[in-house]
Amino acid sequence: MIALLLRDLRLAVRAGGGFGLGLAFFLIVTVMVPLAVGPQPALLASIAPGVLWLGALLACLLSLDRLLALDWEDGSLDLLATAPLPLEAVVTIKALAHWITTGLPLVLAAPALGVLLNLPGPGYLWLVISLAAGTPALSVIGTFGAALTVGLKRGGLLLSLLVLPLYVPTLIFGAEVARRGAVGMDTATPLLMLVGISAGALALLPFASAAVLRVNLR
Amino acid sequence: MIALLLRDLRLAVRAGGGFGLGLAFFLIVTVMVPLAVGPQPALLASIAPGVLWLGALLACLLSLDRLLALDWEDGSLDLLATAPLPLEAVVTIKALAHWITTGLPLVLAAPALGVLLNLPGPGYLWLVISLAAGTPALSVIGTFGAALTVGLKRGGLLLSLLVLPLYVPTLIFGAEVARRGAVGMDTATPLLMLVGISAGALALLPFASAAVLRVNLR
Amino acid sequence: MMPDLGKYADTVLSAYAASILLLAALVALSLWRGRRLRRDMQDMEQRMRRDG
Amino acid sequence: MDLTVSDLTIARGGVPVLAGLGFVLEPGHALILRGPNGIGKTTLLRTIAGLQPPVSGRVTGAEDRIAYAAHADGIKPTLSVAENLRFWARVFGAGGIQPALEAFDLTGLSGRPAGSLSAGQKRRLGLARLLVTGRPVWVLDEPTVSLDTRAVAMFADAIRAHLAWGGSALIATHIDLGLEAEVLDVSPFRADLAQAAGADAFDEAFG
Amino acid sequence: MDLTVSDLTIARGGVPVLAGLGFVLEPGHALILRGPNGIGKTTLLRTIAGLQPPVSGRVTGAEDRIAYAAHADGIKPTLSVAENLRFWARVFGAGGIQPALEAFDLTGLSGRPAGSLSAGQKRRLGLARLLVTGRPVWVLDEPTVSLDTRAVAMFADAIRAHLAWGGSALIATHIDLGLEAEVLDVSPFRADLAQAAGADAFDEAFG
Amino acid sequence: MTQPAMNSSLWSYANPRKFLATTERLMPFLWTAALICLVTGLVWGFFFTPDDYRQGSTVKIIYLHVPSALMAINAWMMMLVASLIWLVRRHHVSALAARAAGPVGAVMTVIALVTGAIWGQPMWGTWWAWDPRLTSFLILFLFYLGYIALWEAIEDPDTAADLTGVLCLVGSVFALLSRYAVNFWNQGLHQGASLSMDAEENVADVFYLPLLVCIAGFVLLFIALVFYRTGTEIRARRIRALQARERAGA
Ligand code: HEM
Ligand SMILES: Nc1ncnc2c1ncn2[C@@H]1O[C@H](COP(=O)(O)OP(=O)(O)OP(=O)(O)O)[C@@H](O)[C@H]1O
Ligand SMILES: Nc1ncnc2c1ncn2[C@@H]1O[C@H](COP(=O)(O)OP(=O)(O)OP(=O)(O)O)[C@@H](O)[C@H]1O
Ligand SMILES: [Mg+2]
Ligand SMILES: [Mg+2]
């Protein structure tokens, strides 16, 4: 299991900076929003938490399609399926590796990008907290989507189509925590829901992912 | 040439609805913005043109990574390079096929999604015009990015990183046309620039793409 | 015969038109595909029987 | 423990391809599968490896004892040869990679990224993986593709050593491996479609 | 028109692999390249096909006359066999696909999506592509991988017909194709790295 | 080849042949009943009900809006049940019924959305507002789209049935979650519903009875469509199997 995690992390680092790229995408989306909607500071401040959350979500999404597809194409998945590792563990490790290479850097970088969008003062802390609580759910749900579409050529777009509606609750509660935090409102309820979603997804979805993957390997 | 175009279109249709999926992604991004930034109609109306342009851009971007990569992986690109077709024609056709399957549906669907974001009345016409003028540039620039990253595993994210800055001028002028149109301002200057960018990209970039592709095939 | 729909005539009529159009399209598409496949299957089964 | 296949019917894409196939593979023995292109050898091997369920019939003695090597080798081009091997060694919890590297003359290449190997070198790496699994039953699909004569000999030596150790091997191939092994031609087991209509549970209803 | 290769030095990943290689391939003749794994056969064929530039030396008579078939066949899994072939026929502006289908016994499979073919059937499709190119010089990299004996015979027939028509073929392979053709072992041309230091233009500066 | 023991139970209708034979007999009645209910309800509602004192004639939209909204949700429920039956008992007809219901549910969702949007224009002054109810319907539509797209994208029918089944399951959980999330997200800004008609207050018998007939019509139409389309899907699979056999025999 640790071997698989280490290999995935090493691959992410080797393959042209898996760490850097999710981040770079996040950065660029954040930069493009003012270009697209115009530079008024008040407007930007009011949409900042939402945009940052959306950027993080899209950055996660964009790296999903290679999460399992590369292993599928070169036959590694077939070999892993016959190895002495339960497939549930494989998908969990994959999700973990995805979180470490994508989610974690986003959490750490979000405050810096908040500056670009005039995020109000108290918003920074809550933004980081909400991302830290929410991004694991994004990775786990994304792994499920990747497992669903792994055998399909051009699965990338189908993957987004399937995964995005599944991301809705996480996005709503996550952005709500960040937004409420930014204007100093109470954040307890949405944060609780967010943590609940993450915990639930972590506990249950790997089984669905493994089942779906087994079907796809047939 | 026509054979290649037809093949690419057929592949897009066969492979699980190449037409529908870019569109679906556009739809979903548009839906997620209010979920992230909150439902206030006035706020949404003011960011609507920018968000729609950004959504269209991301939808284009997401389908780029398979534009040349699939042909590379299965060896078709090697074979096409030795075929009696200039590589410049190949990349132009590829860009055209990408536009027909992604850009065109976006142009047609944008007004419907404008409704979701409370786009002001006169904005619809200008949104469609700006997208029609700008999406060809997105496809051509995207093809250049795809040619640059074609040999690389995990090229998807690197591709976004390279292409997004190249998209900046198109996005700025495109969103500006849509925004000005929405509030009834004069749109002549940015529209001219936008058309200029599209025409310039169409005329020159295929040569750069072909050159880059030739290097990558070595 | 037509009831007086007042100033909302456009609204109500377009709602009815859109819905009925959508329903009709759904039914027509279903019937079209159904008919075609029914014919295809009969052809196919007959051919299989003939060829053994 | 024997690998026993009895009265196996397998299907690909919903169509039965082989039916009524059975054999026993004892430890220390190798069995070579032959048959024309498209008869169903790959499908059979995938079924035995547990990657797809059989339509009917049983495979026993396969559970967690199989090392499967398909057309694709599961090699990561950005990892070095040694890193690739070490990964599989750790997944299977087996020992060191040095013997495997030596058996396929990869020691000199061990630091090279696997993506820069030639077709035959890649294949050798794929075969070396078998040695680090520690699994007793090797299930191999056209293992000698792209190998030169020297490498084919290395492969034959590896198989012989594996058999001597008490392992067994099931190999689908079209060419001569220079191994003294039983040969099973699967052509006679081609599924008779008229008769095998019952293969698809759905189709059954249409008798 | 002959395909002439003279004093060719080729490199892979910046390292010269073969040096001083030369031969002439006349119409109506076939040349078989042999050599151990990793010697540089694939690199040589890619150079001749014009996909990568040689370090030094010349290749003449190749421009727009070559049909190249590599390990990967450029087959689209979602298109049918006939659609795949027809596409290449139209790209090369050649005639119908029927003769190609027949030569490799693909007529029965022509409506099948290419993704559902077995390894050998796919390979046959890849080879059938050569026939629709109408190009005189075939450059083939291990063409008979995964083929059964019957298919290898079909391939040999196709080659013979091609040669009889005045075409020529350059084939890298490890196994016996049953063709009466000249054989060139490339092993003696392995680049001597100490001497070939000048090969890399950058290296040269360090004299 | 069906076991005789099964014949008496409901499960025997999971046999494709039997299903086809039974629905074949049932279809004319279903179509007629659906048509009668729909025409009666809509004509009654459109021509013979009074206008609402506040909403004017727009209230007539309710005869399309509410039944389609109901069916949009119920179709998903039916797909969920059918998917579960497939995953647990592996009856092919059940999986195909789920597949057949997908597009029908999607169209129902679209009708609810479109009639709602058209209704919203005079009532709320906007085509669209991010009201929780509307938003959750939009998300439901996305789930339908994904579900249909996944069915279309997969070649092998059993694989497709398995994968879409699991998606339907997981999707249902997340659709429910979204529903609560959306309620939470747009609580304070709830601007639309206050303008809409309050059920207890306004839905008098004059509106209620034709509405019931319309709902019955939509339910019957849904059943008829799903039965018919399931039959079509069964034939499509049958043709696939025959073609495969023919090819393999050739
Ligand atoms: C796109 C917009 C809309 C959507 C998606 C939508 C969706 C729904 C849904 C899901 C129901 C629940 C059905 C039930 O549980 O009985 C419903 C009922 C209803 N809607 Fe809408 N609606 C929309 C717009 C409107 C508008 C603009 C109005 C009127 C001003 C309206 C009036 C009603 C009424 C009167 C009911 C039934 C009574 C009730 O359950 O309270 N809706 N709609
Ligand atoms: N996805 C699929 N859908 C339908 N049929 C398929 C699919 N994949 C393979 N087949 C068919 O199943 C049969 C068995 O294929 P299989 O790959 O097992 O053959 P094989 O014996 O390994 O052949 P080869 O020697 O060419 O590798 C072939 O006739 C093939 O055309
Ligand atoms: N991308 C690369 N970077 C560096 N070296 C490479 C790269 N690709 C191949 N090589 C090396 O170049 C040499 C020639 O490779 P080539 O593929 O031409 O060999 P080959 O003769 O075709 O071998 P085989 O019979 O195994 O196919 C090999 O030693 C290989 O390791
Ligand atoms: Mg095979
Ligand atoms: Mg080679």
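Numbers restart at 1 for each chain; the letters A, B, ... are given by sequence-line order, proteins then strands. This is a predicted model, so every value here is computed, not measured.
- At a heavy-atom cut-off of under 4.5 Å, chain A is reached by B:V29, B:M32, B:V33, B:L35, B:A36 from residues 29-36 of chain B, listed in order of number.
- For the pair A:L43/B:S46, a side-chain contact is recorded, criterion being any heavy-atom separation below 4.5 Å from C-beta on.
- Interface remark: of the candidates B:L54, B:L52, B:L171, B:L171 forms the most heavy-atom pairs closer than 4.5 Å to chain A.
- Only the side chain of B:L61 comes within contact range of chain A, judged by heavy atoms closer than 4.5 Å.
- Between chain B and the residues A:A69, A:G50, A:G38, the largest count of heavy-atom pairs under 4.5 Å involves A:G50.
- With a 4.5 angstrom heavy-atom cutoff, A:L58 touches chain B only via side-chain atoms.
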